[in-house]
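Have a look at the structure below before the remarks.
It should be emphasised that the depicted structure is a prediction, and the values quoted were computed from it without experimental measurement. A note on names: the letters A, B, ... follow the listed sequences, proteins ahead of strands, and every chain is numbered from 1.
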Number of protein chains: 2
Amino acid sequence: MNGARKIERVVLGDQVYEAIKERILDQAYAPGEKLNVDGLARELQVSSTPIREALARLVAEGLVKAEPFIGFATAPLPDRRYYEDVYSFRGVIEPWAAAQAARSRPGPDVIAALRDEVAAMMAGEPSREYRSHRGFTEADDRFHRIILQAAGNQVALKSYDDLRFHLHISRLYLTREQDVGLTHQEHFRIVDALEAGDPDAAAQAMRLHLEGSYERLIK
Amino acid sequence: MNGARKIERVVLGDQVYEAIKERILDQAYAPGEKLNVDGLARELQVSSTPIREALARLVAEGLVKAEPFIGFATAPLPDRRYYEDVYSFRGVIEPWAAAQAARSRPGPDVIAALRDEVAAMMAGEPSREYRSHRGFTEADDRFHRIILQAAGNQVALKSYDDLRFHLHISRLYLTREQDVGLTHQEHFRIVDALEAGDPDAAAQAMRLHLEGSYERLIK
DNA sequence: CATTTCAAAATCATGCACGATCCAAGATGC
DNA sequence: GCATCTTGGATCGTGCATGATTTTGAAATG
């Protein structure tokens with residue numbers, strides 16, 4: 001027929017979910033801060049049911065913790081050990097994904113999308129202001145996600161998505177000015193290897209990038 | 001003070017969650033079957049609120065799909081492509097995890113636990129009956145999980161847990177009598193390599209086991 | 001006077017019943 | 001036979017009741 005636009009049926013719970021999620025990612029709440037259901041209901045002008053549904057979903061995503069008969073609270077800031085584990089895990093998955101992506105000979109659209117994200121990261125003004133940091137980390141996030149997507153393994157992609165939000169929170173705090181240049185170089189090498197369709201080079205470039213990221217994170 | 005026993009706080013939503021989850025894993029519902037909220041509420045003698053909360057959690061775990069204003073339904077049976085992706089992913093994570101576990105020199109308690117699970121799989125009578133198949137797959141599941149745990153990476157462990165339920169469903173259907181012996185041999189080799197603390201042998205044994213599992217699954 | 005104890009009230013999470021809204025299917029009309 | 005309308009049934013959201021938790025505040029003790 002035609003490319004009919006889908007009538008987006010809006011469920012209240014979804015909107016509440018997005019609203020609360022954005023607040024958490026924006027650091028509007030301190031880590032571990034208690035989330036009052038009735039209070040959120042009043043603030044967002046809805047009943048408590050959609051709030052609870054949204055919070056339940058956030059619990060499943062790991063952004064919120066729930067204690068029976070006590071309530072919800074934002075997830076505590078992960079400890080150093082957790083970041084170790086995250087980067088070990090990424091150090092296994094992402095080089096493999098980069099190799100898979102290179103093997104599948106990514107089309108020019110994928111390469112262009114990756115270069116766009118790198119450009120977006122470079123376009124961010126060197127500033128300590130919050131917004132630009134957020135733009136940087138979001139572009140970096142999308143960069144890595146595009147590669148996972150190009151690898152064509154939906155299970156790996158989903159497992160990466162589960163980590164994204166946690167990383168996002170930490171990276172908001174930890175992006176440093178002097179490290180930006182190194183990050184760009186590493187990203188360029190990855191894109192080049194993907195464009196060349198060289199699996200080994202792509203895996204190696206990704207490995208170096210993640211090791212570099214981790215070094216910059218923990219120092 | 002003392003080793004006070006924890007007062008198990010019972011939230012209705014948790015019990016409903018466990019009840020529905022067990023039903024799904026027991027194949028009480030066909031894949032894709034619609035889940036009526038009011039019906040479940042009547043069956044389980046509770047209101048619709050705990051039902052919806054439980055279903056929301058199951059949606060987040062991927063066992064249930066939700067469509068706005070239409071309702072909940074059990075997740076459709078994954079297609080062949082999905083299993084391909086799962087085993088590719090496991091083929092990356094689990095050999096690495098086995099190597100990590102071997103490197104950390106697992107204690108005799110871990111080795112004993114692994115041998116227990118292998119014994120549990122062998123103890124299952126050769127039968128087509130449902131219960132024994134279930135026992136087999138659950139022991140196999142625990143076997144792999146113990147190794148992920150011994151690797152000491154909580155991120156990898158969580159990502160494996162996300163796959164378990166889906167695998168559980170498929171394996172219920174697909175365990176074959178003549179394949180059991182091969183599985184045992186592969187498991188033994190893995191345990192031996194772990195006990196010897198040989199990372200390369202452990203990774204290789206795990207790789208062979210997963211390749212074998214996949215071959216047996218798709219034929 | 002400072003500190004602990006204990007009870008009562010306020011606060012909040014949880015569960016339930018009801019009304020509103022929306023989708024699906026059968027009936028009606030042309 | 002096809003389009004439209006209506007009815008049935010289910011989902012979604014609200015308000016309220018209940019029970020658990022936490023805090024407040026006053027009395028009692030060292």
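In this structure, A/L40 reaches neither bases nor backbone, as no heavy-atom distance under 4.0 Å exists between it and the strands shown. At the heavy-atom level, A/G39 lies nowhere under 4.0 Å from the strands shown.
Relative orientation of the B/F89 and A/F89 rings is perpendicular, given thresholds of 30° and 60° on the angle between their planes.
Sorted by residue number, the members of residues 48-59 of chain A with any non-hydrogen atom under 4.0 Å from DNA chain D read A/T49, A/P50.
Atom NZ of A/K34 is separated from atom C1' of D/dT22 by 9 Å (rounded to the nearest Å). Straight-line distance from the CG atom of A/L12 to the P atom of D/dT11: 18 Å, rounded to whole Å. Straight-line distance from the CZ atom of B/R42 to the P atom of C/dA17: 12 Å, rounded to whole Å. Regarding A/F69, its CZ atom lies at a distance of 10 Å from the C1' atom of D/dT21, rounded to whole Å. One interatomic measurement links the two molecules: CD of B/Q45 to P of C/dG15, which rounds to 16 Å at whole-angstrom precision. For the pair A/I70 CD1 and D/dA20 C1', the computed distance is 10 Å after rounding to whole Å. Atom pair B/L35:CG and D/dC12:P shows a separation of 13 Å (rounding to whole Å applied). The separation between A/D38 atom CG and C/dA13 atom P is 6 Å, rounded to whole Å.
With distances taken from any side-chain atom of B/F72 to the nucleotides D/dC12, C/dC23, D/dT14, the minimum falls on D/dC12. In the set C/dC12, C/dG15, D/dG13, the nucleotide with an atom closest to the side chain of A/S47 is D/dG13. Proximity note for B/V37 (side chain, C-beta onward) versus D/dT11, C/dA13, D/dT14: the nearest is D/dT11.
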Review item, side-chain donor-acceptor pairs of residues 101-121 of chain A, under 3.5 Å, at least two apart:
{"from": "A/R103", "atom 1": "NE", "to": "A/Q100", "atom 2": "OE1", "distance (Å)": "3.4"}
{"from": "A/S104", "atom 1": "OG", "to": "A/A101", "atom 2": "O", "distance (Å)": "2.9"}
{"from": "A/R105", "atom 1": "NH2", "to": "A/A196", "atom 2": "O", "distance (Å)": "3.4"}
{"from": "A/R115", "atom 1": "NH2", "to": "A/E195", "atom 2": "OE1", "distance (Å)": "2.7"}
{"from": "A/E117", "atom 1": "OE1", "to": "A/R142", "atom 2": "NE", "distance (Å)": "3.1"}
{"from": "A/E117", "atom 1": "OE1", "to": "A/R142", "atom 2": "NH2", "distance (Å)": "3.1"}
{"from": "A/E117", "atom 1": "OE2", "to": "A/R142", "atom 2": "NE", "distance (Å)": "3.0"}

Only distances under 3.5 Å count here; give the side-chain donor-acceptor pairs of residues 44-71 of chain B to other protein atoms, sequence neighbours excluded, each with its distance to 0.1 Å.
{"from": "B/R57", "atom 1": "NH1", "to": "B/D14", "atom 2": "OD1", "distance (Å)": "2.8"}
{"from": "B/E61", "atom 1": "OE1", "to": "B/Y17", "atom 2": "OH", "distance (Å)": "3.2"}
{"from": "B/E61", "atom 1": "OE2", "to": "B/Y17", "atom 2": "OH", "distance (Å)": "2.4"}

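Looking at residues two or more places apart in sequence or on another chain, you find a side-chain contact (heavy atoms from CB on, under 4.5 Å) between A/Q15 and A/V10, A/L12. Residues satisfying the side-chain contact (heavy atoms from CB on, under 4.5 Å) test with B/R42, not counting sequence neighbours, are B/D38. B/F72 meets the ring pair (Phe, Tyr, Trp, His ring centres under 6.0 Å) test with no other residue; sequence neighbours excluded.
Taking only side-chain nitrogens and oxygens, A/N36 comes nearer than 4.0 Å to OP1 or OP2 of C/dA13.
A/D26 and A/R23 are not joined by a salt bridge, as no carboxylate oxygen comes within less than 4.0 angstrom of a charged side-chain nitrogen.
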